[in-house]
Number of protein chains: 2
Amino acid sequence: MQSEGLLRVTGDDGERTDAARNRRLLLDAAAEIVASCGPDKLTTDAVARRAGVGKGTVFRRFGSRAGLLHALADEAGRSFQQAFMAGPPPLGPGAAPLERLVAFGEASIGRMLLDGQILRAAEQRGGPDPEHPTQQLVRLHLAMLLRELDVQDPELASYQLAAFLNAGLLLHLQEHRGMSDARLAASWRVLVVALATAETHS
Amino acid sequence: MQSEGLLRVTGDDGERTDAARNRRLLLDAAAEIVASCGPDKLTTDAVARRAGVGKGTVFRRFGSRAGLLHALADEAGRSFQQAFMAGPPPLGPGAAPLERLVAFGEASIGRMLLDGQILRAAEQRGGPDPEHPTQQLVRLHLAMLLRELDVQDPELASYQLAAFLNAGLLLHLQEHRGMSDARLAASWRVLVVALATAETHS
DNA sequence: TCCTCAAGCGGACCACGGTCCGTTTTATTC
DNA sequence: GAATAAAACGGACCGTGGTCCGCTTGAGGA
């Protein structure tokens with residue numbers, strides 16, 4: 001009998017060698033499929049078949065289709081993570097916080113062209129549709145008010161604000177992060193007041 | 001033979017009477033299911049069965065499960081729409097723009113407790129998961145920088161910023177709204193600069 | 001080297017969203 | 001009221017994500 005039932009680990013990080021091998025096979029197969037057909041064509045069946053493993057293995061290793069896409073996106077984005085955590089300024093440490101914030105946003109935006117497809121697919125099939133009539137109504141309303149406040153680019157700013165006023169996010173913050181309505185409202189107020197009082201430098 | 005093949009309309013807004021009846025049956029059935037079991041239990045089969053219609057009818061009327069949920073949420077939110085478009089200040093017209101913006105956010109936040117469940121379900125099954133490790137890393141980074149800038153409630157602010165730096169949204173703006181990287185970056189800069197320079201009133 | 005058993009595996013299976021197409025209903029015209 | 005064609009209907013059907021469970025593998029202990 002075996003003295004310790006908990007630490008059977010031998011692989012890199014607690015993964016059996018065949019498990020590690022299959023993870024790689026799956027990630028490679030997924031990358032190939034995405035490269036040749038786009039992320040939408042990546043079905044769990046297809047990736048399993050291509051990797052030469054059973055479908056169950058996909059879910060054992062990655063939990064879900066989204067998990068697989070996430071792992072893929074993480075591999076691609078590892079250098080980005082390195083860059084903003086330990087790379088050279090202005091993205092990495094060394095520059096002033098505001099510089100770094102600006103750089104971070106710019107880098108994120110630029111990155112989208114690169115592997116945004118995968119990131120979007122990982123975020124979930126479909127996702128909230130910004131062009132749904134109801135959402136448009138909200139944004140139109142926000143944009144109108146922002147315009148009156150002389151905010152720069154009110155249309156885009158309305159997207160930024162609407163992105164926060166989102167049922168999925170708000171409910172998550174309330175339910176899983178225990179944030180009170182008061183706190184959410186206060187933060188919203190800070191945000192819009194900041195936007196409103198920002199000087200409109202061209 | 002009939003002279004005009006285009007205008008067969010007789011119902012309220014171009015809908016045949018049986019179509020209108022079925023729309024109501026479906027909405028009512030959906031509302032009942034949501035009320036008794038929550039939105040997650042609302043399957044297209046179940047709602048069709050409960051309404052006593054075929055499954056195809058669900059899709060003919062609402063296009064998708066999400067469409068049905070949206071219609072449901074819209075019914076519930078109609079009074080809210082009225083309120084911010086034509087109701088009394090500060091939500092409706094009459095108050096200063098900034099007041100209205102603040103009120104709008106507060107109302108949206110408060111509304112979530114009411115029928116946020118439906119709205120979230122309508123937004124799409126799953127949706128982006130804010131607690132995914134990668135997302136957490138991004139938010140931690142943002143929060144750290146925001147803290148250095150003495151922004152109020154940096155944690156929550158990090159959610160606000162991250163909500164915008166989102167592959168689905170960014171890609172949508174680039175692809176379907178034709179917004180350039182430069183424009184997105186400029187708007188991002190305005191946003192973070194505004195937050196950074198807002199005075200920290202307790 | 002063999003034994004043991006947790007970890008891993010595979011693919012049949014299920015549930016659900018969405019499509020398709022032959023049939024039925026509705027409104028209009030005569 | 002009969003004829004007509006567009007619109008709507010229904011439910012069998014399909015693809016895909018995700019689960020389940022009996023079988024296999026691999027690694028440490030003896």
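Labels below follow one simple rule: chain letters A, B, ... track the order of the sequence lines, proteins then strands, and each chain is numbered from 1. Note that the structure is predicted; figures quoted are calculated from it, not measured.
In this structure, A:Arg177 pairs ionically with B:Glu131, as a charged nitrogen and a carboxylate oxygen lie closer than 4.0 Å. A salt bridge links A:Asp115 with A:Arg111: at least one charged nitrogen is closer than 4.0 Å to a carboxylate oxygen. Under 4.0 Å is where a charged nitrogen must lie from a carboxylate oxygen, and between B:Arg49 and B:Glu32 no such pair does.
Within residues 28-37 of chain B, no residue has any heavy atom under 4.0 Å from DNA chain D.
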Please tabulate, for side-chain N and O atoms in residues 54-70 of chain B, each donor-acceptor pair with protein atoms closer than 3.5 Å (sequence neighbours left out).
| residue | atom | partner | partner atom | Å |
| --- | --- | --- | --- | --- |
| B:Ser64 | OG | B:Ala66 | N | 3.4 |
| B:Ser64 | OG | B:Gly67 | N | 3.0 |
| B:Arg65 | NH1 | B:Leu42 | O | 2.6 |

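Between the CZ atom of A:Arg60 and the C1' atom of D:dG18 there is a distance of 14 Å, rounded to whole Å. Between the CG atom of A:Leu68 and the C1' atom of D:dG18 there is a distance of 14 Å, rounded to whole Å. The CG atom of A:Asn22 sits 17 Å away from the P atom of D:dT24 (whole-angstrom rounding). Going from atom CG of A:Leu25 over to atom C1' of C:dC9 covers 13 Å, rounded to whole Å. The separation between B:Asp18 atom CG and C:dT26 atom P is 5 Å, rounded to whole Å.
Within 4.0 Å (heavy atoms only), A:Val58 reaches no atom of the nucleic acid at all. Looking at heavy-atom distances under 4.0 Å, A:Arg61 makes contact with sugar-phosphate atoms alone, never a base.
Side-chain atoms of B:Arg16 and base atoms of D:dA7 include a donor and an acceptor less than 3.5 Å apart.
Proximity of a side-chain donor or acceptor of B:Ser158 to a complementary backbone N or O of B:Glu155 within less than 3.5 Å is detected. Checking side-chain atoms of B:Trp188 against main-chain N and O of A:Leu101 turns up a donor-acceptor pair under 3.5 Å. Not one N or O on the side chain of A:Arg100 forms a donor-acceptor pair closer than 3.5 Å with the backbone of A:Ala95.
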Next on the checklist: Would B:Thr134 and A:Asp74 count as a side-chain hydrogen bond (donor to acceptor under 3.5 Å, both in side chains) here? Give the steps.
Outcome noted: CA-CA 8 Å; B:Thr134 305; A:Asp74 277 7; 2.8 Å; yes

Can you pull every protein N or O that's under 3.5 Å from an N or O on nucleotides 15-19 of chain C?
| residue | atom | partner | partner atom | Å |
| --- | --- | --- | --- | --- |
| C:dG17 | OP1 | B:Arg125 | NH2 | 3.0 |
| C:dG17 | OP2 | B:Thr44 | N | 2.8 |
| C:dG17 | OP2 | B:Thr44 | OG1 | 3.1 |
| C:dG17 | N7 | B:Lys55 | NZ | 3.1 |
| C:dG18 | OP2 | B:Arg65 | N | 2.9 |
| C:dG18 | N7 | B:Lys55 | NZ | 3.3 |
| C:dG18 | O6 | B:Lys55 | NZ | 2.6 |

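Base-pairing analysis of DNA chain D finds the following stems of at least three consecutive Watson-Crick or G-U pairs, with both pairing distances under 3.5 Å: C:1-30 with D:1-30.
The ring pair (Phe, Tyr, Trp, His ring centres under 6.0 Å) search around A:Phe80 returns A:Phe84, A:Phe104, not counting sequence neighbours. A search for side chain to side chain contact (heavy atoms under 4.5 Å, CB included) contacts involving A:Gln117 returns A:Pro39, A:Arg120, B:Leu171, B:Glu175, not counting sequence neighbours.
A close approach under 4.0 Å does not occur between any side-chain nitrogen or oxygen of A:Thr57 and OP1 or OP2 of C:dG8.
With rounding to the nearest 0.5 Å, the separation of CG in A:Asp129 from NE2 in B:His176 is 9.0 Å.
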